[in-house]
Amino acid sequence: MRRIPYLVLALYALVGGLGPLLIEYDPVPTSLPDRLRPPGSDVSYGTAWLGTDALGRDVLAQVVYGARTSVIIGICTVALACLIGVAVGTAAGYFRGWLDTVLARGIDILLAFPAILLTIVIAGAFERSVLLVVTALSATAWISFARVTRGIALSLRERPWVDAARVLGVPRPAILVRHILPFTIGPVVALATLEFALVVLAEAGLSFLGIGLPNSAVSWGQTIANGKQYLETAWWISALPGIALSVLIVNIGILGDQLTARYGRGHLR
Amino acid sequence: MSETLLKVRDLRVSFGRRPGPPWRRATTREFVAVDGVSLDVGPDETVGLVGESGSGKTTVARAVVGLVRPDSGTVTVDGHRLGPVGQRPAALQRAVQMVFQDPRSSLNPRMTVAAIVGEAWRTHPVSAPAGDRTAALHRLLDDVGLDASVARQHAGELSGGQCQRVSIARALAVKPRLLVCDEAVSALDVSVQAQILRLLVDLRASHRLSMLFISHDLGVVHQIADRIAVMRSGVLVEQGPAGEVLVAPRHEYTQALVGAALELNTES
């Protein structure tokens, strides 16, 4: 049972990685004679296993390409947020002083805004692109990493092996890299999985609102939004990408919980 | 070279004092951990610093190695004033090393013994062996009574005594002149205590080390110290040759300490 989240995530990675190589899809051209066809229908370009949307585009292809988009944006955002958060949090926790004060107050200020609102403001203010979505989502996602690693660094800086390294004269960057950072890996990996789920959900939300990715990109959020007015007559347009999104989020959540129980804070060794 | 290796003068360390606006200072209570301590350690000499828990011994040790910034007073080695750790010239940083109380937590549990000693050599290439480092590591481990196979092990795989030997090896790797041992045998059982004390005595002779040996146990200090300094409530109440302080203590607190130690010995 514990392996199910791994298997599901591997499946998504496989679909996101290999799917677009097997299924050809371009969101711009439309085929109006094939519009709103239910799953399994024969259409002009073959069989629409998951049906078609209001413009006659294949929903299966949108789910597959949407998986790739979500995984790429999730990985890029979590990697960027992790890099910034771990660097800032570790340095603030270890060095304390003004850096720590500035970080703590900065986090307080950022937490005063609802994260999604801040993301919407950033995403809405500039031209739509993948880079913009990653930047907008990273703008708030790094805070969790910074808070967790700051706490760990604050605790570890008092450990005798860190004192021993300082007495030895080991340079500060080396102390951070050798004596502090290795102990943050477990909690950071656990947090990264949970953040990945939140990022995928937030990206879908932005695309649903039409302020995330450009129209040429394929996103589950866009597909769900495209089908919202046909929920009674053509449920598959919104429901199937929605199910794909939900299954991914639930499994990442379970995996995150497993990792948190294993590597979460308090398990420094 | 001066006759005194380590010279501590009028050392005062307090905690809880925060630089800042006056209204903050008024609400923060200051605790003076060390108040006007002066002591000397000569070349090849071992000075035992004794006192009850909370008397300020460890704070003196941490101030000497630079982990604690004193409010006032000076710490000099060979006449060179020592600043906080990390701001000392490399030679002075190497000169004063420390062995900590808890042998396990003073070693990074994610590093092997080879990596722990290797870090010392990487930090101070001047003291690193010129030839084969593996052979030098094995010689160093042999010096502290450890088998060469220990080099591949992590701290978590070693016993308390072995961990303390590794701590000593790490300190020796940079060829220090003064070893500050802060309750270095207190966390060990009695038989291992005796082994580590014997090791320190041997190393002191073979490496020409001076030591500031901190302990609350007069019996342990008696076995290793040439001179003894007694602390109480942050103040040095008495110091002198070990025999003199233990046989004919002048200060009433020292008399009480010696009396309590004798009582314990008689009972056991």
Side-chain angles (χ1 to χ4, degrees), chain A residues 86 89-105 108 148-149 151-190 259 262-269, chain B residues 19-20 58 61-62 64-68 82 84-111 115-124 126-127 154-156 163 166-168 170-174 176 178-180 182-183 187:
Chain A
V86 169
T90 312
Y94 181 72
F95 294 120
R96 303 283 308 271
W98 65 266
L99 182 65
D100 191 30
T101 308
V102 169
L103 173 83
R105 295 296 82 79
D108 288 344
V148 166
T149 49
I152 295 170
L154 271 174
S155 149
L156 287 175
R157 74 191 296 274
E158 308 296 340
R159 298 288 176 111
W161 74 75
V162 177
D163 279 345
R166 294 170 66 201
V167 170
L168 204 56
V170 178
R172 286 171 174 189
I175 290 180
L176 280 178
V177 170
R178 285 201 285 268
H179 299 288
I180 306 278
L181 274 179
F183 297 89
T184 67
I185 291 172
V188 163
V189 168
L259 293 174
R262 194 167 166 186
Y263 299 114
R265 292 192 58 192
H267 297 77
L268 294 180
R269 288 193 177 193
Chain B
T58 294
R62 291 175 73 83
V64 167
V65 296
L67 288 173
V68 165
L82 298 178
V85 75
Q87 293 176 23
R88 300 176 172 185
L92 288 177
Q93 190 82 58
R94 272 202 324 273
V96 184
Q97 288 303 310
M98 186 165 180
V99 178
F100 292 81
Q101 178 173 6
D102 185 351
R104 287 190 191 284
S105 65
S106 67
L107 303 177
N108 184 334
R110 303 264 170 125
M111 290 170 79
I116 288 167
V117 176
E119 182 177 55
W121 284 334
R122 201 160 49 233
T123 306
H124 298 285
V126 176
S127 54
H154 290 81
C163 284
V166 173
S167 284
I168 295 168
R170 171 178 57 193
L172 293 180
V174 295
L178 174 74
L179 198 58
V180 179
D182 179 21
E183 301 275 13

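In what follows, chains are A, B, ... by sequence order, proteins preceding strands, each numbered from 1.
In this structure, the side chain of A:D163 does not engage the main chain of B:L67 through any donor-acceptor pair within 3.5 Å.
For A:R172, no part lies near chain B; criterion is any non-hydrogen pair under 4.5 Å. Neither the backbone nor the side chain of B:R94 comes within less than 4.5 Å of any heavy atom in chain A. Heavy atoms of B:R88 lying under 4.5 Å from chain A are absent altogether. Proximity to chain A is absent for every atom of B:V99, based on heavy atoms less than 4.5 angstrom apart.
Of the residues B:I168, B:L107, B:D102, the one that meets the side chain to side chain contact (heavy atoms under 4.5 Å, CB included) test with B:C163 is B:L107.
No side-chain heavy atom of B:D182 sits less than 4.5 Å from a side-chain heavy atom of B:V65.
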Walk me through it: do B:Q93 and B:H124 pass the test side-chain contact (heavy atoms from CB on, under 4.5 Å)? CA-CA 9 Å; B:Q93 190 82 58; B:H124 298 285; 4.3 Å; yes

Trace of the side-chain contact (heavy atoms from CB on, under 4.5 Å) decision for A:R178 with B:R110: CA-CA 9 Å; A:R178 285 201 285 268; B:R110 303 264 170 125; over 6 Å; no

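With chain A as partner, the option from B:M98, B:E119, B:R122, B:R62 having the largest number of non-hydrogen pairs under 4.5 angstrom is B:E119.
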